[in-house]
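Let me begin by presenting the structure, written as structure tokens, before commenting on it.
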Amino acid sequence: MEQINDMVVNLRDMAANNSTRILICICIDASNSMNQRMKEINRGVMQFLQGIADNICAADAAEICVYSFGSKVRMLCDYGNIQKAIDMMEESGGIQANEADSNMGECIEAALENLNRHRQQLLDLSKSFYRPWLIIISDGDATDPSACDRVSEKVRTMLRQRKLKVKCLSMGEGSHNLKDFTLDGQVDQLEDLKIMDFFSMLSRSVSQASQASIMAGDAELEAIQRQI
């Protein structure tokens, strides 16, 4: 019953908000090798969400979904009201990097299904949105290569159809799988000391894009296209 009530409230909130949406999904590696970085990543994600919540234009426009992938795939926060996303992250306790596997393909598959479902909800409500961003952060190879092969083809198809934008960020020794989620093989290196800088820049970029969409009817997150 509570889930049904939440769904009704979410749809009502979506219908009442006429802002053109900026959709961003972040998929973060939660395998053991990410353990030393996870405190900064959790801080960065929370800073990112709070920065959006503190900006009136961005709070209305931005909808953020965060997944982690290890042995299991977890959704830390979902599209919708930004304060609810912050509450979900806090209630979850953040991402815990203590798992042996790295099910990247399974995670991105779940993320795409959720994104397409949310896009359809917006379309059903006659709400506009810009091309969504998928951001993938990992420091190693996936342990579900067949799932990666399957979903990477879906991602590349969406890129060719201009239905999605992708930013792949490699940490440490990096992941050989990330390049498969791009059309040009471009994977940027995210150094440990740059984690907070990246999320701060992402927050600023969303805020600037939301304001630009009001002024000129156009929003592109140009900043996150630059190499980190």
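Everything numeric in this text was worked out from a predicted model, so none of it was measured.
Note that CZ of R131 is 8.5 Å distant from CG of L159, once rounded to the nearest 0.5 Å. Going from atom CD1 of I82 over to atom CD of Q50 covers 9.0 Å, rounded to the nearest 0.5 Å. The SG atom of C148 lies 13.0 Å from the NE2 atom of H176; values are rounded to the nearest 0.5 Å. The distance from the CG atom of L122 to the CZ atom of F129 is 6.0 Å, given to the nearest 0.5 Å. Atom OG of S71 sits about 8.5 Å away from atom CG of N98, to the nearest 0.5 Å. How far CG of L112 is from SG of C25: 8.0 Å, rounded to the nearest 0.5 Å.
Salt bridge present: E153 and R160 bring a charged side-chain N and a carboxylate O closer than 4.0 Å. Remark: K194 does not engage E191 in a salt bridge, criterion side-chain N to carboxylate O under 4.0 Å. The pair R37-E40 does not count as a salt bridge, with every side-chain nitrogen at least 4.0 angstrom from each carboxylate oxygen. Between K72 and E99 there is no salt bridge, since no side-chain nitrogen of the basic residue lies less than 4.0 Å from a carboxylate oxygen of the acidic one.
With hydrophobic clusters built from ILVMFWY side chains whose heavy atoms lie under 4.5 angstrom apart, L23 shares a cluster with L123. Put simply, M158 and L183 are part of the same group of oily side chains (I, L, V, M, F, W, Y) that touch within less than 4.5 Å, one to the next.
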Y67 and V73: CA distance, side-chain angles, deciding distance, side chain to side chain contact (heavy atoms under 4.5 Å, CB included) verdict: CA-CA 7 Å; Y67 282 86; V73 172; 3.9 Å; yes
Test log, rule side chain to side chain contact (heavy atoms under 4.5 Å, CB included), inputs L169 and F198: CA-CA 10 Å; L169 298 171; F198 170 73; 3.5 Å; yes
Candidate pair D141 and T143, rule side chain to side chain contact (heavy atoms under 4.5 Å, CB included), full reasoning: CA-CA 7 Å; D141 292 342; T143 54; over 6 Å; no
Steps toward side chain to side chain contact (heavy atoms under 4.5 Å, CB included) verdict (M88, L76): CA-CA 6 Å; M88 287 181 70; L76 283 300; over 6 Å; no
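Between M89 and L49, the shortest heavy-atom contact is CG-CD1, 3.7 Å. Across all non-hydrogen atoms, the minimal contact from E63 to G80 is OE1-N, 3.0 Å. The nearest pair of heavy atoms linking R21 to D60 is CD-O, 4.1 Å. Contact detail for S31 and D101: the closest heavy-atom pair is CB-O, 3.5 Å. Contact record, R117 with N114: NH2-OD1, 3.1 Å, taken as the closest heavy-atom pair. What you find for T182 and G185 is that their closest heavy atoms are OG1-N, 2.7 Å.
Distance alone, capped at 3.5 Å, places no donor-acceptor pair between the N103 side chain and the E106 backbone. A donor-acceptor pair under 3.5 Å is formed between the side chain of N55 and the backbone N or O of A58. Put simply, the side chain of D144 gets close to the backbone of G105: a donor and an acceptor are under 3.5 Å apart. When atom types are taken as modelled, the side chain of S210 and the backbone of S207 share a donor-acceptor pair closer than 3.5 angstrom. Using modelled atom types, no side-chain atom of D29 and backbone atom of I137 make a donor-acceptor pair closer than 3.5 Å. A donor-acceptor pair under 3.5 Å is absent between the side-chain atoms of D139 and the main chain of G174, judged by distance alone. Remark: the backbone N or O of C65 is not paired with any side-chain donor or acceptor of D78 at under 3.5 angstrom. Distance alone, capped at 3.5 Å, places no donor-acceptor pair between the S102 side chain and the A142 backbone. Within the 3.5 Å criterion, the main-chain N or O of M38 finds a donor-acceptor partner in the side chain of N42.
With contacts defined as side-chain heavy-atom distances shorter than 4.5 Å, the pair I195/R43 does not qualify. The side-chain heavy atoms of R74 and V66, taken from C-beta on, include no pair separated by under 4.5 Å. Taking 4.5 Å as the limit, every side-chain heavy atom of V155 sits out of range of all side-chain heavy atoms of E109. With a 4.5 Å cut-off on side-chain heavy atoms, S203 and Q47 do not count as touching. L134 has its side chain out of reach of K167: every pair of non-hydrogen atoms, C-beta onward, lies at least 4.5 Å apart. Considering only heavy atoms from C-beta on, I136 stays 4.5 Å or farther from I28 through its side chain. Inter-residue side-chain proximity for L115 and L164 is flagged as met; some heavy-atom pair is nearer than 4.5 Å. At least one side-chain heavy atom of M104 sits less than 4.5 Å from a side-chain heavy atom of S175.
Within a 6.0 Å radius of CD in Q120, more than 12 heavy atoms belonging to other residues, nucleotides or ligands are found.
A tilted orientation is assigned to the rings of F48 and F199, their planes being inclined by 30° to 60°.
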